[in-house]
Structures are given as structure tokens and as C-alpha cells.
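Here's the structure, in C-alpha cells; my notes come after.
Computed from a predicted model, the values in this text were never measured in an experiment. Chain letters run A, B, ... following the sequence lines, proteins first, then strands; residues in each count from 1.
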Number of protein chains: 2
Amino acid sequence: MAAVEAPEDRIFAALASPVRREVLRLLREEGPQPVQRLAGHFDMARPSFSEHLKVLREAGLVSERKVGRQRLYRLEAVPLNEVQEWLSPFERFWREKLTGLRDLLDSMDEERHER
Amino acid sequence: MAAVEAPEDRIFAALASPVRREVLRLLREEGPQPVQRLAGHFDMARPSFSEHLKVLREAGLVSERKVGRQRLYRLEAVPLNEVQEWLSPFERFWREKLTGLRDLLDSMDEERHER
DNA sequence: GTGACAGGTAGGAAATTTCCTACCTATAGT
DNA sequence: ACTATAGGTAGGAAATTTCCTACCTGTCAC
């Protein structure tokens with residue numbers, strides 16, 4: 001039985017694959033493009049790639065528009081806002097750590113100059 | 001054969017499970033705690049839960065410290081910075097969506113593929 | 001029309017993930 | 001030393017994911 005999953009779950013699951021993250025990056029950097037051009041970056045049979053697109057579609061992270069016999073995929077970044085929102089309460093935890101690390105490195109630097 | 005995966009891959013993969021995301025939230029909100037207390041929130045056999053902790057450990061998202069016969073797990077938020085960094089180039093896209101600017105840029109991009 | 005091209009779905013093999021029960025180790029209390 | 005507790009590992013079943021080849025549909029070019 002396929003559990004009813006929150007939209008958030010589908011987004012995080014979609015991002016779990018390096019292939020799918022790369023597709024999103026390509027759409028961001030190069031704008032909307034047909035499947036053909038996206039697929040060129042991956043060493044994979046076309047139907048396999050199609051499946052990845054489906055996962056992204058169902059997570060709402062891309063949309064598709066037919067143009068002639070091509071399908072133009074484009075980034076739908078809005079759902080990524082949910083990831084951002086999940087992440088942000090953690091932010092102060094790593095900022096404190098990173099700051100602490102910088103302080104540590106700074107103090108080690110000082111020691112080198114002290115002798 | 002298990003492919004050599006980037007640390008980033010392990011982090012995103014770890015976040016793909018709602019159980020593991022919830023564990024991270026609990027550690028963030030309630031501080032370091034033993035397995036027992038964390039496990040209480042999930043309807044799952046203990047060894048299954050142990051596996052989830054292992055995934056989080058191997059992603060570097062939690063650390064463990066022995067205290068008597070308990071093991072205190074604590075949040076290690078720093079690796080989440082990588083998620084933030086992956087995410088941030090996308091941020092302007094969902095912000096622009098609100099201004100309507102993005103749609104204009106996309107339609108200009110699309111023309112390049114239309115003939 | 002016929003052929004070629006873009007890209008999807010169908011069905012299945014293989015790998016991975018998720019969960020289980022059974023068992024092991026280490027520590028604490030008596 | 002004995003028992004109970006905390007939490008891990010081992011091994012395996014079931015579900016899911018990832019990839020494949022084969023095939024179908026829709027559109028363009030002739």
C-alpha cells in the first residue's frame with residue numbers, strides 16, 4: 001500500500017538523486033529546454049531519464065510545455081521554498097559552529113605569531 | 001557495486017526520509033538525547049530505528065557520545081550548510097516568481113528553442 | 001500518405017532501502 | 001556473579017528505486 005505522502009516528502013525524495021539535482025541546476029543555469037538537450041548530460045537510456053523527469057514533475061519542481069514535437073521543461077522553483085523553510089530553523093546551529101571554527105582557526109593563527 | 005558517492009549525496013539521501021528529518025527536528029528542539037527517548041516518537045522496532053540513526057551518522061548529521069549505558073545523540077548541523085548552499089542559487093527564482101519577472105525571462109529563453 | 005524524430009509508457013531485472021526477529025555487547029544495580 | 005537495560009549488528013523478507021529493452025503516440029518533413 002502506497003502511503004499517503006506529504007508534498008514535502010516528494011520534494012525531499014526528488015532531491016535525493018544526484019541526477020535530478022543536476023537537472024534542476026541545468027534548468028536554472030540554462031533556462032527552459034527540451035528533454036533531448038537535458039538528457040545529453042547523462043549517460044543513461046532515454047526512458048530512464050524520462051522517469052527522473054516524472055519524479056521531478058510529480059514533486060512540482062519542473063513543468064512541461066509542448067512545443068512542436070518537443071517538450072520544453074522548465075524549473076518550478078517555488079516548492080524549493082519548502083526545503084528552505086525546513087532548513088532555516090537549523091541555520092543558527094551551523095552558523096554558531098562555523099563561527100566557532102573560524103574563531104578556533106584565528107586563535108591558532110595567533111599562536112603561530114606569538115612565538 | 002556501491003558507487004563512490006559525494007558527501008552531498010549522503011546528506012540529501014539522509015534527508016529523504018521523513019523519519020530522519022523528524023529525528024533532526026527533535027534533536028534541534030529538545031537538545032541531545034538518548035536513543036530511547038528519540039525512538040519513543042516512532043512506531044517502529046528498535047533495530048529499524050537504529051538503522052536510521054546509522055544513516056544520519058554516516059551523513060555526519062548527528063554524533064554520538066556514550067553516557068553510562070546510554071548513547072546521547074546530538075545534532076551536527078554543519079553539513080546542512082551544504083544543502084543551504086545548493087539551494088541558494090535557486091532562491092532568486094522563487095522570489096522572482098512573485099514579481100512576475102521570471103515569466104518574462106523564461107519566455108525569452110523559450111524562443112531560442114522554438115524554431 | 002510514408003518516414004523520421006521527440007518523448008512518453010509497459011514490463012521486468014537488479015540494486016537499494018526499509019523493516020522485521022533473533023542475537024550480541026557493554027554497562028548498571030543488586 | 002547475576003540480571004536487567006540500552007542499543008547495536010546479522011540476516012532476510014518485502015517494498016521501492018533505478019535502470020534496461022521494446023513499444024506506442026504525436027508531430028514534422030517530404
Side-chain angles (χ1 to χ4, degrees), chain A residues 1-6 8-24 26-27 32-59 61-74, chain B residues 1-6 8-24 26-27 30 32-59 61-74 110 112-115:
Chain A
M1 176 143 76
V4 178
E5 57 174 14
E8 198 186 76
D9 290 352
R10 269 209 280 251
I11 295 164
F12 276 100
L15 296 183
S17 155
V19 170
R20 293 189 295 260
R21 287 199 306 278
E22 177 67 2
V23 168
L24 295 179
L26 287 164
L27 291 175
Q33 41 192 305
V35 176
Q36 207 180 15
R37 186 166 151 206
L38 286 169
H41 293 83
F42 304 93
D43 181 23
M44 177 185 301
R46 196 58 60 84
S48 308
F49 187 66
S50 239
E51 287 293 321
H52 283 294
L53 290 178
K54 188 183 200 170
V55 172
L56 287 170
R57 247 168 20 232
E58 290 177 348
L61 289 165
V62 300
S63 64
E64 170 207 38
R65 189 166 71 87
K66 293 180 67 169
V67 176
R69 58 184 142 175
Q70 311 197 119
R71 297 186 195 194
L72 230 53
Y73 273 79
R74 87 164 157 194
Chain B
M1 174 127 106
V4 179
E5 58 174 11
E8 197 185 81
D9 290 353
R10 269 210 278 252
I11 295 164
F12 276 100
L15 296 183
S17 154
V19 169
R20 294 190 292 259
R21 287 198 308 278
E22 176 68 2
V23 168
L24 294 178
L26 287 165
L27 290 175
E30 304 178 2
Q33 40 192 306
V35 176
Q36 206 180 15
R37 185 164 150 208
L38 286 170
H41 294 84
F42 303 94
D43 181 22
M44 177 184 304
R46 196 59 59 85
S48 309
F49 187 66
S50 240
E51 287 292 322
H52 284 294
L53 290 178
K54 189 183 201 171
V55 172
L56 288 169
R57 243 165 27 230
E58 291 177 348
L61 289 165
V62 300
S63 63
E64 168 207 40
R65 187 167 70 87
K66 292 181 65 168
V67 175
R69 59 184 143 176
Q70 311 198 119
R71 298 184 195 195
L72 230 53
Y73 274 78
R74 98 164 43 225
E110 284 167 13
R112 296 201 321 242
H113 301 293
E114 268 172 14
R115 60 204 77 215

Checklist entry - With sequence neighbours left out, what residues match B:Glu8 under salt bridge (Lys or Arg N to Asp or Glu O under 4.0 Å)? => result A:Arg21

Next on the checklist: Any side-chain N or O of B:His52 below 4.0 angstrom from OP1/OP2 of C:dT17?
Outcome noted: no

Checklist outcome for this item: B:Leu72 atom CG is separated from C:dT27 atom P, nearest whole Å, by 16 Å

Next on the checklist: Nearest whole Å is fine: how far is C:dT21 P from B:Glu51 CD?
Outcome noted: 14 Å

Next on the checklist: Rounded to whole Å, please give me the gap between CZ in B:Phe12 and P in C:dT17.
Outcome noted: 16 Å

Item to check | Residue list, side-chain hydrogen bond (donor to acceptor under 3.5 Å, both in side chains) with A:Arg71, at least two apart or on another chain | outcome: A:Glu64

Item to check | Set of ring-ring contact (aromatic ring centres under 6.0 Å, His included) partners for A:Phe49, sequence neighbours left out | outcome: A:Phe42

Next on the checklist: Nearest whole Å is fine: how far is C:dT18 P from B:Glu58 CD?
Outcome noted: 13 Å

Checklist entry - Any side-chain N or O of A:Tyr73 under 4.0 Å from OP1/OP2 of C:dG8? => result yes

Item to check | Residue list, side-chain hydrogen bond (donor to acceptor under 3.5 Å, both in side chains) with A:Gln36, at least two apart or on another chain | outcome: none

Next on the checklist: Tell me every residue that passes side-chain hydrogen bond (donor to acceptor under 3.5 Å, both in side chains) with B:Arg69, counting only those two or more places apart in sequence or in another chain.
Outcome noted: none

Next on the checklist: Pair B:Leu61, B:Val23 - check side-chain contact (heavy atoms from CB on, under 4.5 Å), show working.
Outcome noted: CA-CA 10 Å; B:Leu61 289 165; B:Val23 168; over 6 Å; no

Item to check | Pairs meeting criterion side chain to side chain donor-acceptor pair (under 3.5 Å) with involvement of residues 41-54 of chain B, two or more places apart | outcome: B:Arg20-B:His52

Item to check | Test salt bridge (Lys or Arg N to Asp or Glu O under 4.0 Å) applied to B:Arg37 - qualifying residues, sequence neighbours left out | outcome: B:Glu30

Checklist outcome for this item: B:Arg65 atom CZ is separated from C:dA26 atom P, nearest whole Å, by 20 Å

Checklist entry - When you check the phosphate oxygens OP1 and OP2 of C:dA6, does a side-chain N or O of A:Gln36 lie under 4.0 Å from one of them? => result yes

Next on the checklist: With rounding to the nearest 0.5 angstrom, report the CG to CG distance, A:Leu72 to A:Leu27.
Outcome noted: 9.5 Å

Next on the checklist: Just to be sure I understand the geometry, which residues of residues 40-50 of chain B put a non-hydrogen atom under 4.0 Å away from DNA chain C?
Outcome noted: B:Met44, B:Ala45, B:Pro47, B:Ser48

Checklist entry - DNA chain D: A:Ala16 or B:Arg37, which has the more 5' nearest nucleotide? => result B:Arg37

Next on the checklist: In whole Å, I'd like the distance from the CD atom of B:Glu64 to the C1' atom of D:dA6.
Outcome noted: 12 Å

Item to check | Euclidean distance, atom CG of residue B:Leu38 to atom C1' of D:dG7 [Å, nearest integer] | outcome: 12 Å

Checklist outcome for this item: Whole-Å distance, B:Arg10 CZ to C:dT16 C1', equals 15 Å

Checklist outcome for this item: Looking only at D:dT9, C:dT9, C:dT18, the nucleotide nearest the B:Ser17 side chain is C:dT18

Next on the checklist: Counting primed atoms plus P, OP1 and OP2 as sugar-phosphate and everything else as base, spell out the protein contacts along nucleotides 25-30 of chain D at 4.0 Å heavy-atom distance: B, S or - for each nucleotide, 5' to 3'.
Outcome noted: -SBB--

